[in-house]
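Start at 1 and go down the list; that is how both ligands and their atoms are numbered. These numbers come from the heavy atoms of this one structure, side chains and all, not from hydrogens, waters or symmetry mates. Remember, predicted model here, so these are calculated numbers, not experimental data.
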Amino acid sequence: MTTEMKNLEKVAERLKRAAKEGERVILFGDSDLDGITSVMMVKETIEFLGGATPSVYISDREKWGYGLSKEAVCSINENPPALIISLDCGISNFEGAKEAKRRGFELVIVDHHKTFPELPEASLILDPMQEGDEYPFKKMANGGIVYKLSEKMLGKDFSKTERRFLELATLATLADMVPRKEDNQRILEKGMGFLKDSSIFPLKVLKEVIGEDSFLEKMISLLNITSPYGNVNSAYLLLEAKEKSEAEKWIEKIKKENEERREEIKREEEKIVGEVSNEEMIIFKEGSFSAPLAGTLASRVIRKCKKPVFLYTKESGIARGSARVPSGQDAVDAMRHCKRYLQTFGGHPEAAGFILREENVNDFKKCLLEYFKDQEEESCRGEAS
Ligand SMILES: [Mn+2]
């Protein structure tokens, strides 16, 4: 028998029971394409099994911070008992998990981000990065994991939805830029072909608007960061649109948002890169950009400057930011080293996020400088021996 992800079977059984017994389910997804497509697949799987339509919440990073934060759980406008499923987030949301429990919700976490030595309080956790997970491939997008979860839940009936889910999992895999091998390769091999003539109606409409040329790249850059709208966001509303006119309305909104964001990113990138001096070991800066752009900006700055980048914005005494480090270094490890200054942090070794109180910003920076200085010395010793 081949090894399965830890808790894949248990989570599948739990969600099937929720569907069959008509339990109230709340899906909470991260705001990028990986989170959105994960939500769509779980929602459709539960509906297929006869469950009640789950409520959907998409993370609003500006308002609630990263993932299923305490603020996010407080904003869930539902009464317990209900089952919250966090998708593409949750594994680093210790306070959010506590708050869910306090309010009387059951929490199941489905995530692919790096885990910490302790895990948040949840009834079940599906994350191939967790201890004791023997599944050999650890680099699936969350959408890839949910694809497998749905397959497990639906059994033979999975064939009815396989094509659509392959397309959704492909969007997640491309948007999260995970390595194109193993499970990811298998998803992409079929999904890329299907996406050329997509079965997802709003994507057909989008193709008419933006054209065939580099459609996938353009679509992902349009839909991966969009603005919050009610409990969800505009990319989710587009992908769920049933009518052509509705899809067109969201496409127009998203295009306009995107244009404004591109201009802001260009302006801010030039400003940050222009201020970097050669002596600085890390780039650690407060920005004047809007908070959700920190990640995109950090990714662009590191491409030019090739050293650890920490960008943040401040609001009501709280600093929120994004970190990117050159390959071979580990932003999550760096923040773990400095966690006494942080409220929350999480993500992948090369790309992570953090939240801290404004008064701790200077100490956090000092701590990071020490950490990266030690790293450098270690790597020098490594080269000499
Ligand atoms: Mn993801």
Distance-only criterion, 3.5 Å: show the donor-acceptor pairs between side-chain atoms of residues 80-93 and protein atoms not counting sequence neighbours.
unit_1	atom_1	unit_2	atom_2	d
Ser86	OG	Cys89	O	2.9
Asp88	OD1	His112	NE2	3.0
Asp88	OD2	Gly35	N	3.3
Asn93	OD1	Leu68	N	2.8
Asn93	OD1	Gly90	N	3.2
Asn93	ND2	Tyr66	O	3.0

Of all N, O or S atoms in Asp88, identify the one at the shortest distance from the Mn ion (ligand 1). OD1

salt_bridge(Arg17, Glu13) N-O dist < 4.0 Å: no

Can you list, pair by pair, the side-chain donor-acceptor contacts under 3.5 Å of residues 295-310, counting residues two or more places apart and other chains?
unit_1	atom_1	unit_2	atom_2	d
Ser299	OG	Gly295	O	3.1
Ser299	OG	Arg324	NE	2.9
Arg300	NE	Glu269	OE1	2.7
Arg300	NH2	Glu269	OE1	3.0
Lys304	NZ	Glu269	OE2	2.8
Lys306	NZ	Arg303	O	2.8
Lys307	NZ	Ser277	O	3.3
Lys307	NZ	Asn278	O	3.4
Lys307	NZ	Glu280	O	2.5

Row for the Mn ion (ligand 1): angle NE2 (His112) to OD2 (Asp34), 10° precision, value 90°

Considering only N, O or S atoms, which atom of Asp176 is nearest to the Mn ion (ligand 1)? OD2

I'd like to know if Arg103 and Glu99 make a salt bridge, using a cut-off of under 4.0 Å between side-chain N and carboxylate O. no

